[in-house]
Amino acid sequence: MATLAMEQAATADLPRSPRFNEKTHPVAKLLFAVVLIGGLGFAGWSILLDTRAAGEQMALGVFAFLGLALIIALAFEFVNGFHDTANAVATVIYTNSMPAQLAVVWSGFFNFLGVMLSSGAVAYAIITLLPVDLILNVGSAAGFSMIFALLFAAVLWNLATWYVGLPNSSSHALIGSVLGVGFANQLILGGSRGGTAGVDWSQAGKVFSALLWSPLLGFAGALLLLLAMRVVFMKSPQLFQAPSGNTPPPRGIRALLIGTCTAVSFFHGSNDGQKGMGLIMLILIGCAPTAYALNRTLPASATAAFVQTSYAANAVFRARSGGVALTPVDARATLTEALQHRKAEGPKVYAALDSLSASLTEQVSSYGSLSKVPARASSNVRNDMYLVLDTTRLATKKPDGFNPAERETLKAYQKDLEGGTRFIPLWVKIVVAIALGLGTMIGWKRIVVTVGEKIGKQHMTYGMGAAAEIVAAATIMGADHLGVPVSTTHILSSGVAGASVGSGAGLQFRTIRNMALAWLMTLPAAMLLSGGLYWLMLNAVRIFGL
């Protein structure tokens with residue numbers, strides 16, 4: 001009897017795996033369903049209000065098609081929620097800082113807040129990876145095929161990796177899908193528009209570098225931070241111990257771990273939530289251009305400022321045009337070609353910028369404000385603003401192309417152009433936040449078990465969890481500030497690996513190998529999926545005459 005009692009006492013002190021078999025209360029299920037259905041209803045009602053306010057009448061078929069496209073886009077964010085955010089809650093669950101069910105609700109709420117307070121910069125960083133001709137004609141069959149193909153591909157790959165419990169990146173999958181559509185579009189065009197017709201390599205390089213350095217930073221940062229914590233908090237050995245049984249950590253350590261989980265959840269929402277926003281805006285522009293192609297919420301007073309900065313920018317363009325004169329039609333073709341080849345230089349390009357910018361300014365001035373641009377002109381004005389904005393950005397990337405005063409002039413002009421086209425309606429933020437937040441609350445167990453049990457060889461200590469999440473939150477916050485998409489999954493899982501090494505615990509080679517393989521396979525797999533789906537959809541359109 002004494003021996004049995006001693007064994008039971010010793011077993012009680014060992015860290016235990018969390019219990020995931022608690023049943024969800026029926027009221028919680030009801031609230032989940034109400035919020036989900038209410039969010040979809042809110043989206044539909046908002047679209048009706050916006051289109052009516054803009055004087056745009058949508059046919060029932062177009063509205064149904066728009067609804068289907070929105071559901072698929074929101075499904076991506078929903079899957080993103082339970083796939084990626086599971087990483088944020090793994091540390092608090094495995095250190096007994098929060099019960100599993102409470103942790104996912106808590107994380108879902110702060111994901112919601114992160115989306116609502118996001119800037120929108122990351123949303124359009126994704127959009128700029130898409131082929132120029134498809135962005136300009138997003139309402140065409142090819143444009144909608146592009147959107148459906150990349151969304152389906154990203155969702156399918158996310159579900160596949162989730163099913164086997166691999167912490168794969170939704171960002172990585174989406175970017176691979178975008179590039180796959182670009183390559184497929186290039187092959188379908190037969191290379192007639194040059195080698196980079198399907199891909200913006202400069203933007204792709206920026207995104208790739210972020211996806212590459214972020215997990216390396218997560219691993220090294222968590223390892224070094226844990227070592228530093230051991231020196232600074234050497235008088236607090238409890239911070240570097242594993243939980244005892246199912247006992248929660250001391251109050252201060254618990255507050256630290258809940259705080260880091262909150263930060264990761266918030267910044268995950270602020271970064272990852274924006275990826276779906278940009279795609280939803282493309283869908284809205286394609287189906288309801290009058291209401292969404294231009295930012296009709298800008299006050300009429302903004303028009304005067306736009307005209308003034310436009311005149312100043314035109315003077316800079318004209319000074320470099322070499323006396324070349326182009327019609328607006330020729331200017332559009334020139335700027336489209338410049339963006340496809342990623343070369344915004346030479347008198348002809350600056351003459352095109354001068355011509356199209358002047359035409360654009362004249363149109364906006366004649367209407368009085370963007371809110372008064374008629375339905376028939378909305379898409380053209382939006383496309384002209386897109387061409388001028390992105391070509392100007394490309395031209396100003398050259399370090400010696402303009403003097404400081406000219407750069408300030410063009411920067412002010414770019415800001416006004418962005419305000420007119422690159423906006424996110426409040427209701428879009430709300431429905432994306434709901435999708436991401438609700439997704440966090442289901443399907444999280446597979447990824448949580450992998451992060452909590454299958455990366456390090458020993459049970460996660462309080463210090464390991466804190467170090468991994470502090471580094472993850474800081475990295476995502478910095479990426480959000482820079483407007484680049486990064487992977488919460490890559491950063492946090494590599495941070496857990498780094499913290500495991502820093503604590504002296506070994507790594508489980510099989511899991512690390514599988515994670516590395518998933519990281520390497522995601523890009524080509526998503527590209528093949530999206531490119532193949534894009535080709536199939538285009539052929540279906542031709543065959544069935546859709």
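In this structure, OH on Tyr292 lies 12.0 Å from CD1 on Ile424, to the nearest 0.5 angstrom. A distance of 9.5 Å separates CE of Met460 from CG of Leu257, quoted to the nearest 0.5 Å. Thr475 OG1 to Ile491 CD1: the interatomic distance, rounded to the nearest 0.5 Å, is 5.0 Å. Rounding to the nearest 0.5 angstrom, the gap separating the OH atom in Tyr462 from the CG atom in Leu239 is 9.5 Å. Taking OG1 from Thr421 and CG from Leu370, the interatomic distance works out to 9.0 Å, rounded to the nearest 0.5 Å. In this structure, OH on Tyr386 lies 4.5 Å from CG on Asp390, to the nearest 0.5 angstrom.
Atom CZ of Arg513 sits in a crowded spot, with more than 12 heavy atoms from other residues, nucleotides or ligands closer than 6.0 Å.
Contact annotation: the side chain of Ile430 approaches that of Phe42 to within less than 4.5 Å [non-hydrogen atoms, C-beta and beyond]. At a threshold of 4.5 Å between non-hydrogen side-chain atoms, the residues Leu436 and Phe78 do not count as touching. Residues Leu284 and Val428 have side chains in contact (heavy-atom distance under 4.5 Å, counting atoms from C-beta outward). With a 4.5 Å cut-off on side-chain heavy atoms, Ile47 and Phe63 count as touching. Taking the side chain as every heavy atom from C-beta outward, Ile258 and Trp106 approach each other to under 4.5 Å. For the pair Trp162/Val79, no side-chain contact is recorded, criterion being any heavy-atom separation below 4.5 Å from C-beta on. By the 4.5 Å heavy-atom criterion applied to side chains, Val178 and Met527 are not counted as neighbours. Counting heavy atoms from C-beta on, the side chains of Phe65 and Cys287 come closer than 4.5 Å.
Checked by atom type, the side-chain pair Gln241/Thr461 shows no donor-acceptor distance below 3.5 Å. In the model, Ser530 has no side-chain atom that pairs as donor or acceptor with a side-chain atom of Ser177 under 3.5 Å.
Nearest heavy-atom pair across Ala473 and Phe267 is O-CD1, 3.7 Å. Heavy-atom minimum distance, Asn96 versus Pro243: ND2-CB, 3.3 Å. Closest non-hydrogen pair, Lys429 versus Met116, comes out as NZ-O, 3.6 Å. Smallest separation of non-hydrogen atoms from Ser118 and Ser270: CB-O, 3.5 Å. A pairwise comparison of heavy atoms in Thr396 and Arg407 identifies O-NH1, 2.8 Å as the closest pair. Between Glu77 and Gly276, the closest heavy-atom pair is OE2-N, 2.7 Å.
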**Request:** For side chain to side chain contact (heavy atoms under 4.5 Å, CB included), just list the numbers for Asn158 and Phe76, CA-CA rounded to whole Å, side-chain angles, deciding distance to a tenth of an Å, and then say yes or no.
**Result:** CA-CA 9 Å; Asn158 274 349; Phe76 168 77; 3.9 Å; yes
**Prompt:** Going through the distances and angles, do Leu74 and Leu40 end up as a side chain to side chain contact (heavy atoms under 4.5 Å, CB included)?
**Reply:** CA-CA 9 Å; Leu74 291 173; Leu40 293 174; 4.0 Å; yes
**Asked** Does the pair Ser107 and Ser265 meet the rule for a side chain to side chain donor-acceptor pair (under 3.5 Å), with working shown?
**Response** CA-CA 5 Å; Ser107 179; Ser265 300; 2.7 Å; yes
**Message:** Is there a salt bridge (Lys or Arg N to Asp or Glu O under 4.0 Å) between Lys411 and Asp416? Walk through the geometry before answering.
**Reply:** CA-CA 9 Å; Lys411 185 177 180 181; Asp416 285 345; over 6 Å; no
**Request:** Check step by step if side chain to side chain contact (heavy atoms under 4.5 Å, CB included) holds for Leu279 and Leu174.
**Result:** CA-CA 11 Å; Leu279 297 174; Leu174 180 60; 3.8 Å; yes
**Prompt:** Going through the distances and angles, do Leu49 and Trp427 end up as a side chain to side chain contact (heavy atoms under 4.5 Å, CB included)?
**Reply:** CA-CA 11 Å; Leu49 291 179; Trp427 72 263; over 6 Å; no
**Request:** Evaluate the side chain to side chain donor-acceptor pair (under 3.5 Å) criterion for residues Thr392 and Gln414: first the C-alpha distance (whole Å), next the side-chain angles of each, then the deciding distance (0.1 Å), finally the verdict.
**Result:** CA-CA 8 Å; Thr392 304; Gln414 290 169 16; 5.3 Å; no
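Within the 3.5 Å criterion, the main-chain N or O of Cys261 finds a donor-acceptor partner in the side chain of Glu469. No donor-acceptor distance shorter than 3.5 angstrom exists from the side chain of Arg382 to the backbone of Ala293, with no hydrogens or angles considered. A donor-acceptor pair under 3.5 Å links the side-chain atoms of Ser494 to the main chain of Pro215, judged by distance alone. Under a 3.5 Å cut-off, the side chain of Asn295 and the backbone N or O of Gly419 do form a donor-acceptor pair.
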